[in-house]
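Structure, as C-alpha cells:
Order of the sequence lines fixes the chain letters, A, B, ..., with proteins taken first and strands second; residue numbering starts at 1 for each chain.
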Number of protein chains: 2
Amino acid sequence: MKMSVLEEKLRQKNLKITPQRLEILRAVQRHQCDHPSAELIYQAVKKRYPAVSLATVYKTLETLVQIGEIRVAIVSGGKTRYDTRMEQHHHFLCSYCGGVQDIEMKMDCLETYCPESLAGKGTIHRGEVIFHGICHTCENKKNPPCPSICS
Amino acid sequence: MKMSVLEEKLRQKNLKITPQRLEILRAVQRHQCDHPSAELIYQAVKKRYPAVSLATVYKTLETLVQIGEIRVAIVSGGKTRYDTRMEQHHHFLCSYCGGVQDIEMKMDCLETYCPESLAGKGTIHRGEVIFHGICHTCENKKNPPCPSICS
DNA sequence: ATCCAATATAAAATACGTACAAATTTAAAC
DNA sequence: GTTTAAATTTGTACGTATTTTATATTGGAT
C-alpha cells in the first residue's frame with residue numbers, strides 16, 4: 001500500500017494527512033511479519049520521530065482500522081496486534097513465545113458458510129481461524145518459555 | 001463434569017481440594033453459556049462464598065486451565081473468557097454486545113490439517129474458528145451499542 | 001492433634017488502553 | 001503568504017483487567 005493511497009483515503013474521509021499517520025502506517029507495514037502491537041509500533045516510530053506520543057500511536061492505529069487500512073490480527077498476551085494484510089488469511093499463534101505467523105488457507109466456506117448451529121443466532125460478517133501450537137523456533141529450544149502467553 | 005472428577009484430578013497433581021476451587025468450577029459450569037469472565041465468576045461465587053478474593057478467582061481459573069479442566073474460550077473486550085466445554089467447537093462473537101455463542105461445526109481438518117503454508121513453521125495443537133458478526137438480539141435493536149467491543 | 005507446604009486473602013503494583021485539556025498543525029479561504 | 005477554524009498531537013491522568021507481594025489460613029499427611 002503506497003502512501004499516496006493512504007493520503008487519498010484520508011482525504012476522502014476528511015481526515016488530515018499528518019507525518020505521524022504516514023510514519024505509523026509505514027511502521028506497521030515494515031513490521032508486518034511481526035503482527036506488531038501498539039508498543040512495538042511506538043518504539044519503531046520513535047526512532048525516526050522521537051517526539052511521537054504513545055497516545056497518538058494508539059489513536060492512529062484505531063483510525064487506520066476504522067478506515068480499513070489495517071485490521072486487528074489477533075489479541076495475544078493481552079496486547080492487540082495489527083495486520084496490514086486485508087485479504088482473507090489466518091494465523092498461527094505460538095503458545096510459548098507468543099509469535100504470530102500468517103497461514104494461507106482456502107476456506108471460502110468461512111465467509112459464506114452458515115453452520116446449522118448458527119441458525120437464528122445472527123449474521124456472520126467474517127470467519128477467522130486461529131491455530132495454536134508451538135513454532136519451529138520454540139520447538140528447537142531445550143527450555144522454551146512458559147506457555148503462559150496465550151491460551 | 002462432576003466434582004468428584006475434579007477432586008480426582010487435583011489429587012493426581014498434588015493440588016489441594018479447597019472449597020474455593022470447587023465453587024469456582026461450579027460457577028464456570030453454571031455460567032457456561034455466557035462464556036464468563038473472571039469478574040463474572042467472582043460475582044457469582046461471592047453470592048455463595050462472600051469472603052472469596054478476586055485474586056483467588058484469577059489464580060484458580062488459571063489453575064483449572066492448566067489441569068485441563070476448562071479452557072480459554074476467547075478474549076473479547078479486553079477480558080479473558082472461559083469455557084468448560086473441552087471438545088472441539090467454535091465461537092460466534094457479536095461485535096456489538098460482545099456476547100459469545102457456541103458454534104457446532106465439523107471441521108476435522110482443523111485438528112489434523114497442515115496447510116502448506118505451515119510447513120516448517122511449527123506444530124499445530126489446535127485450530128479454532130471465530131465468527132464475527134451481529135447476534136440476533138442486536139440485529140433487532142434500533143440502536144445497537146457501538147461495535148467497539150471487538151475487532 | 002500437630003505440622004508444613006499449599007493456598008487464600010487484602011493491598012499494592014503493573015499493564016494495556018482511553019480520556020482529557022492545552023498546545024500545535026493542517027488545509028482551506030482570502 | 002496570512003488568517004482561521006477544525007482536526008490532531010501531546011503529556012498526563014485515569015480506568016479496567018490482571019498479577020504480584022506479603023501475610024494469614026488451611027488441607028491433609030503423619
Side-chain angles (χ1 to χ4, degrees), chain A residues 3 6-25 27 35-43 45-46 48-67 72-82 98 146 148-151, chain B residues 3 6-25 27 35-43 45-46 48-67 72-82 98 146 148-151:
Chain A
M3 280 308 136
L6 172 61
E7 294 186 16
E8 194 46 47
K9 273 202 185 178
L10 290 172
R11 266 190 214 99
Q12 282 171 10
K13 310 241 177 183
N14 284 329
L15 296 171
K16 302 207 164 163
I17 297 164
T18 69
Q20 289 91 335
R21 282 176 175 165
L22 301 179
E23 197 59 57
I24 287 165
L25 178 59
H35 299 82
S37 63
E39 178 64 27
L40 195 154
I41 294 302
Y42 175 58
Q43 297 301 337
V45 171
K46 236 185 1 180
R48 304 191 182 196
Y49 206 103
V52 76
S53 151
L54 183 54
T56 300
V57 172
Y58 276 107
K59 206 184 299 180
T60 300
L61 288 170
E62 193 197 320
T63 302
L64 292 173
V65 169
Q66 282 177 358
I67 67 174
V72 171
I74 200 171
V75 178
S76 140
K79 296 181 195 174
T80 301
R81 300 172 67 161
Y82 297 88
C146 277
S148 54
I149 291 175
C150 350
S151 58
Chain B
M3 281 307 138
L6 172 62
E7 295 187 15
E8 195 45 47
K9 275 200 184 180
L10 291 172
R11 266 190 214 98
Q12 282 170 11
K13 311 240 176 184
N14 284 328
L15 296 171
K16 301 203 165 166
I17 297 163
T18 68
Q20 289 91 336
R21 282 177 175 163
L22 302 179
E23 197 57 59
I24 287 166
L25 177 60
H35 299 83
S37 64
E39 177 65 27
L40 196 154
I41 294 302
Y42 174 58
Q43 296 302 334
V45 171
K46 236 183 3 179
R48 304 192 182 194
Y49 205 102
V52 77
S53 150
L54 183 53
T56 300
V57 172
Y58 275 105
K59 206 186 299 179
T60 300
L61 289 169
E62 194 196 319
T63 302
L64 292 172
V65 168
Q66 282 176 358
I67 68 175
V72 171
I74 201 171
V75 178
S76 136
K79 296 183 196 175
T80 302
R81 300 171 67 160
Y82 297 88
C146 276
S148 53
I149 290 175
C150 351
S151 59

I need the minimum non-hydrogen distance between A:Val52 and A:Gln20, along with the two atoms involved. CG2-CG, 4.3 Å
Please confirm whether the shortest side-chain N or O distance from B:Gln20 to OP1 or OP2 of C:dT9 is below 4.0 Å. yes
Side chain to side chain contact (heavy atoms under 4.5 Å, CB included) between A:Lys13 and A:Lys9, worked out: CA-CA 6 Å; A:Lys13 310 241 177 183; A:Lys9 273 202 185 178; 5.6 Å; no
Against A:Leu6, only a single residue in A:Ile67, A:Leu15, A:Ile17 fulfils side chain to side chain contact (heavy atoms under 4.5 Å, CB included); can you say which? A:Ile67
Provide, to the nearest angstrom, the distance between the OH atom belonging to A:Tyr42 and the P atom belonging to D:dT12. 11 Å
Taking only the side-chain nitrogens and oxygens of B:Ser53, find out if one of them lies under 4.0 Å from OP1 or OP2 of C:dA8. no
Can you tell me the distance, in whole Å, between the CG atom of B:Leu22 and the P atom of C:dT7? 13 Å
Looking at NZ of B:Lys79 and CD1 of B:Ile74, how far apart are the two atoms once the value is rounded to the nearest 0.5 Å? 14.0 Å
At under 4.0 Å between heavy atoms, which parts of nucleotides 14-30 of chain D does protein reach? Answer with one letter per nucleotide, 5' to 3': B base, S sugar-phosphate only, - none. ---SBBB------BS--
For the side chain of B:Val52, starting at C-beta, report the closest nucleotide among D:dT10, C:dT9, D:dT9. C:dT9
Salt-bridge test for A:Glu8 and A:Arg11: reply yes if a basic N is under 4.0 Å from a carboxylate O, no otherwise. yes
Quick one: are A:Thr56 and A:Tyr42 in side-chain contact, heavy atoms under 4.5 Å? no
